[in-house]
S.K.: 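One structure, pasted below without further comment.
By convention in this document, chain letters (A, B, ...) are assigned in the order of the sequence lines, proteins followed by strands, and residues within each chain are numbered from 1.
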Amino acid sequence: MNRIENAAALEQLRTKAQEERKNIEVLVAICGGTGCETSGSTTLRAALEAKLKEKGLTNVTLKRTGCHGFCEQGPLVHIEPADILYTNVKDSDVDEIVEETLIGNKVIDRLLYKDPASGDAIQGEKDIQFYAKQTRVILDNNRRIDPASIEDYIALDGYAALAKALTMEPSAIVDEVSKSKIRGRGGGGFATGRKWASAAKVEADERFVICNGDEGDPGAYMDRSVLEGNPHLVLEGMILGGFAIGATEGYIYVRAEYPLAVQNLEIAIGQAKEAGLLGKNILGSGFDFEIFIYRGAGAFVCGESSALIKSIEGNVGEPRAKHIHATEAGLWGKPTVLNNVETWANIPHIVGKGADWFLGIGTEGSKGTKIFSLVGKINNTGLVEVPMGTTLRELIFDIGGGIPDGKEFKAVQTGGPSGGCIPADKLDTPIDFDELTKLGSMMGSGGMIVMDEENCMVDIARYYTAFNLDESCGKCTSCREGTERMLDILQAICGGEAKPEDIDLLKELAHVVKTASLCGLGKTAPNPTETTLQYFMDEYMEHIDKGVCRAKVCKALIKFSIEDDPCVGCGACAKRCPVDAITGELKKTHVIDAEKCIKCGACKEACKFGAVVVTTGGGE
Amino acid sequence: MSEEKPKIGVFVCHCGRNIAATVDVHKIAEHFDADPELIAKEEIFLCSEAGQENIKETIRENGLEYVVIASCSPVHHGDIFAECVGEEMNKYMWEMANIREQCSWVHDDMDEGTEKAIALIRGSINRVKEHMPIGTMDVPVVQEAMVIGGGIAGLHTALEIADKGIKVHLIEKSATIGGNMVKLDRTFPTDDCSMCTISPILFDAISEENIVLHTTSEVMEFHGRPGDYHAKVLKRTRKIKEDICTGCGECTTVCPVYFRIQPTDKPSVEPPVQDKEVIDGFLDKHSELRNSLIPVLLDVNEHYKYIPRDVIQYLSFKMDIPVSKIVRIATFYKAFSLEPKGKFHIKVCLGTACYVRGGENLHDKIQQLIEDTPEGMFTVEAVNCLGACALGPIMVVNDEYHGNLTLADAERIIGDIKGGDGE
């Protein structure tokens with residue numbers, strides 16, 4: 001691509017790209033996000049390409065796009081302009097798609113999404129509840145853009161906001177961002193405009209912007225999908241931010257676990273440099289800016305801003321006290337603005353469409369949309385983007401389609417290991433930074449893990465505490481040792497060995513860890529424990545007093561056995577048992593030796609007749 | 001001198017068997033009684049009424065000028081004997097020889113014990129001759145203590161004294177308390193974490209109301225006597241307002257003296273390394289970054305599946321970064337390994353989304369499945385979130401994702417690998 005010399009040249013290029021795209025008769029978009037690739041979209045794409053060539057269908061354009069968000073149903077194939085969404089597409093479906101749909105103009109019912117409630121096949125995205133109830137400001141373009149094509153991005157108004165910004169006073173951009181009241185999408189919810197303003201006013205010879213893509217919260221992958229699917233959006237946001245605060249360099253810190261994100265960002269940065277959108281004299285404005293990718297090395301704590309900065313500087317990622325903010329002395333001791341991927345992705349929209357547009361979405365205290373990764377025990381797992389203020393119930397039951405297999409909803413976990421578990425009676429809470437904090441949880445980066453009756457809340461608390469213990473950098477004693485002592489108690493409860501007074505000690509420990517730790521990790525590490533204690537105390541007490549784990553998760557409190565009636569004596573369970581604990585003659589009821597049983601659950605999975613049952617507590 | 005009358009009385013106590021078991025009391029009494037200057041007596045319990053009566057009677061009958069009581073410690077029964085002696089003569093004209101705590105209790109040989117007891121008593125006899133009759137008066141006492149040195153021993157001492165309700169001045173020469181122990185990683189022989197042991201003590205010391213901490217201070221002069229000591233302490237300025245400082249540590253990161261501590265043993269010749277071109281390639285690739293250590297290490301780890309020793313030394317030389325720092329980085333971040341990984345590197349996701357869908361059972365299952373495989377074939381690692389949460393539970397085998405796994409799926413995949421690799 002030739003260098004784009006100025007804003008007018010950018011507009012010419014945009015018109016040209018849009019014209020080219022208007023000439024496309026049929027567009028087949030195959031999702032190339034990590035979720036769909038795991039489900040087989042790479043070979044699917046190759047098969048489809050070969051078939052199109054074989055049939056000589058020149059009017060069909062094949063596009064590999066970023067994540068569409070509906071990962072549970074992947075691989076996804078979306079056909080435009082007819083708006084047909086095929087889900088769970090296999091390589092073997094390729095012939096039929098080409099023959100029937102692309103040549104014969106017929107919709108294949110079998111491949112459409114089936115509404116879990118009614119069982120009806122639904123043709124287009126707009127009619128599927130999962131999509132229809134969302135407001136997709138950031139994610140929408142993911143299915144229209146080939147992440148490796150800058151033209152795709154430019155055709156959809158890409159870099160228009162940057163061109164506009166370069167004609168503005170930098171301070172006016174900061175004002176616009178402040179006016180929009182956007183709050184950081186990484187979890188803390190700090191006002192982005194205030195961050196920018198304070199970094200811009202500090203006297204310095206250099207300034208930096210950083211994009212925090214160290215998405216470590218288990219159960220969250222929003223940032224991954226944005227970086228993988230629409231890398232130029234993030235780059236544009238950062239260049240714009242750099243111009244606004246007077247920075248000359250930007251860093252994108254990406255998890256090492258996201259190789260596709262790194263790859264797509266590398267391509268995007270290369271293209272932007274070639275096009276003169278990065279480097280010297282961007283769009284003829286005289287503004288110079290470079291962006292570097294910095295891969296993380298697998299330390300959860302590096303999602304914390306001061307640890308992340310230490311890591312870019314080549315040190316171990318240990319947080320520091322923030323008496324002096326990064327906006328005054330951050331990377332290499334210079335004023336630094338660090339924002340989350342999703343925050344940066346919002347910036348071009350805010351600058352392009354104006355702060356008033358952004359203010360029109362969301363609640364009083366939380367503006368705009370938020371992307372959540374809706375995962376766990378839920379029908380429509382995937383990425384969803386909703387306006388702030390949407391209630392948890394709408395998100396889980398309307399968009400998410402409720403809990404699979406008719407099970408009962410128990411809790412939703414937000415905010416990752418720093419967040420908390422929210423029970424059923426709080427489901428009508430609107431999603432908002434402050435409302436979630438009031439419940440003892442937090443917005444976090446957007447992981448939303450749904451749990452049903454088969455999840456034990458004590459076990460969940462134990463899980464998160466073990467996670468935080470593992471990821472604690474070890475600098476503060478309260479976090480390093482305190483989480484370990486908390487885990488001891490939680491393990492004792494799960495093992496049926498705890499005493500009622502241990503709960504008081506657990507609460508006290510949680511308080512100390514919270515109060516005495518330096519960074520966000522330690523300060524919030526007790527949240528999962530505290531919220532489950534608050535909302536699910538009865539489960540804790542059942543474990544302690546009766547030795548009952550009602551979810552049948554805690555191995556010390558459950559027992560596997562085979563029921564006489566459904567068992568046909570097929571022997572499938574005995575074959576799968578790794579410790580030979582199951583015995584029995586063919587066609588006769590088998591028996592599990594409780595002494596030998598390691599409670600792995602392989603027999604339950606193997607039994608087609610539901611004869612393997614799990615019981616808890618001493619009785620029955 | 002016509003008649004030399006004994007003027008010193010020596011009373012030796014058996015204390016039941018407490019003393020008599022290891023000290024021959026009778027022999028001692030005979031030994032001292034033979035001296036014309038002395039009159040010696042023994043008693044089963046000197047502290048008993050009968051024993052005290054014996055002392056008083058002997059003083060009265062012989063007109064004794066001095067008394068030596070050989071028994072237990074002055075702390076134990078000193079007051080009783082002082083009162084007893086005081087009824088007959090000036091109550092400072094006696095001495096106590098501790099032949100129990102300092103002799104019988106710490107020895108088990110009768111001859112040695114007896115010999116030492118004699119020596120102790122002889123010492124007391126010689127000292128008591130210097131006594132003069134005096135009276136008593138009240139003197140004000142300063143109930144304060146000074147401990148010099150804020151290391152682990154000093155801290156302990158200060159805390160023990162403070163615990164008795166006595167104000168302690170803890171004098172420490174350097175700017176911080178903790179001494180040498182805070183510089184250690186582990187302590188012998190229990191291999192305990194040094195900081196874990198001392199940090200609660202440090203905290204106790206700074207929060208104890210009875211301890212006044214004087215850091216950057218030295219004792220210049222010291223004189224006086226019990227209850228009335230005088231010390232002159234030089235307190236150097238630290239240029240930091242102690243009441244405002246929160247101990248955040250930011251200042252230490254910019255202190256030029258702190259950073260001047262750099263190892264000087266950088267080798268003068270380039271250390272040899274395998275695949276020099278490859279490593280140099282990694283260094284070149286990231287040369288535009290201001291600090292490229294972590295990116296280079298990531299490439300090295302990806303290339304070898306671990307970070308070989310010689311590469312660390314080579315990088316240390318080329319990048320002018322101490323080996324210790326590289327090793328610290330390599331052990332802090334989970335992406336790095338200092339040990340070679342198996343041919344098939346399996347990562348099982350235990351992120352929450354995978355966990356609630358049974359990721360832990362999957363992990364246990366895979367552990368079982370690879371139990372009988374040869375070393376170096378598999379490495380199984382539980383990781384926190386691979387970021388494909390919609391498809392949990394997930395595992396990644398050498399960068400290939402497998403989603404929505406059942407235990408049977410895992411068995412099949414591992415079985416395929418075992419079958420394929422075996423041939």
Side-chain angles (χ1 to χ4, degrees), chain A residues 34-35 37-39 71-72 74 215-221 224 255-259 292 294-300 311-317 320-321 323-324 332 373 375-377 381-383 413 416 447 449 451 455 460 463-464 467 470-471 473 477 481 576 578 600-602 605-606, chain B residues 195-196 199-200 246-250 253-254 288-295 297-298 301 321 325 328-329 331-336 347 349-358 360-361 364-365 368-369 383-392 394 399-404 406-408 411:
Chain A
T34 302
E37 293 221 322
T38 305
S39 308
C71 309
E72 176 86 35
E215 185 176 48
D217 280 7
Y221 65 111
R224 168 181 218 159
R255 286 183 85 194
E257 287 87 344
Y258 291 178
F292 302 99
Y294 206 92
R295 281 178 299 161
F300 175 72
S311 183
I312 294 183
E313 289 171 352
N315 294 311
V316 300
R320 66 165 173 86
H323 302 292
I324 301 162
W332 317 113
S373 90
V375 293
K377 303 290 187 65
T381 59
L383 291 183
Q413 207 281 344
I449 298 134
M451 300 172 194
N455 291 119
I460 293 295
Y463 164 81
Y464 277 116
F467 180 94
D470 189 35
E471 296 293 356
C473 76
T477 318
E481 305 292 325
R576 288 287 306 282
C600 69
E605 192 190 289
Chain B
M195 273 315 286
C196 306
S199 55
T246 61
C248 71
E250 277 304 299
T253 60
V254 292
E288 59 175 355
L289 291 171
R290 299 190 194 205
N291 188 306
S292 60
L293 175 61
I294 294 174
L297 287 177
L298 276 167
N301 199 79
I321 298 171
K325 184 170 177 186
R328 185 165 186 232
I329 300 261
T331 50
F332 180 86
Y333 292 100
K334 288 182 181 163
F336 304 125
K347 292 183 202 161
C349 183
L350 289 185
T352 324
C354 289
Y355 184 79
V356 299
R357 287 187 179 183
E360 196 166 35
N361 277 343
D364 293 348
K365 179 81 198 175
Q368 280 168 23
L369 288 171
V383 297
N384 292 328
C385 200
L386 292 162
C389 313
L391 302 168
I394 287 184
D399 299 331
E400 193 185 332
Y401 281 74
H402 299 274
N404 281 324
T406 61
L407 299 180
E411 221 169 302

S.K.: Tell me whether A:R576 is salt-bridged to B:E411, with the criterion being a basic N under 4.0 Å from an acidic carboxylate O.
M.R.: yes
S.K.: Given that the side chain runs from C-beta out, which part of B:I329 has a heavy atom under 4.5 Å from chain A: side chain, backbone, both or neither?
M.R.: both
S.K.: Is it the side chain or the backbone of B:C196 that comes within 4.5 Å of chain A heavy atoms, both, or neither?
M.R.: side chain
S.K.: With a 4.5 Å cut-off on side-chain heavy atoms, are A:F467 and B:L350 touching?
M.R.: no
S.K.: With no hydrogens and no angle check, is any side-chain donor or acceptor of B:Q368 less than 3.5 Å from a backbone partner on A:P578?
M.R.: no
S.K.: Can you check whether B:N384 reaches A:F300 side chain to side chain, under 4.5 Å on heavy atoms?
M.R.: no
S.K.: If you count heavy-atom pairs within less than 4.5 Å of chain A, which of B:K325, B:E400, B:M195, B:K347 leads?
M.R.: B:K325
S.K.: List the atom of B:C385, the atom of A:R255, and the distance in Å for their closest heavy-atom pair.
M.R.: O-NH2, 2.9 Å
S.K.: Examine distances only and state if a side-chain atom of A:Y294 and a backbone atom of B:L289 form a donor-acceptor pair shorter than 3.5 Å.
M.R.: no
S.K.: Tell me whether A:R224 contacts the main-chain N or O of B:L386 through its side chain, where contact means a donor paired with an acceptor under 3.5 Å.
M.R.: yes
S.K.: Looking at B:Y333 and A:G296, would you say the former's side chain and the latter's main chain have a donor-acceptor pair under 3.5 Å?
M.R.: no
S.K.: Locate the shortest heavy-atom distance separating A:A256 from B:L298; write the atom from each residue and the value.
M.R.: CB-CD2, 4.5 Å
S.K.: Looking at B:I294 and A:R295, what are the two nearest heavy atoms and their distance?
M.R.: CG2-O, 4.3 Å
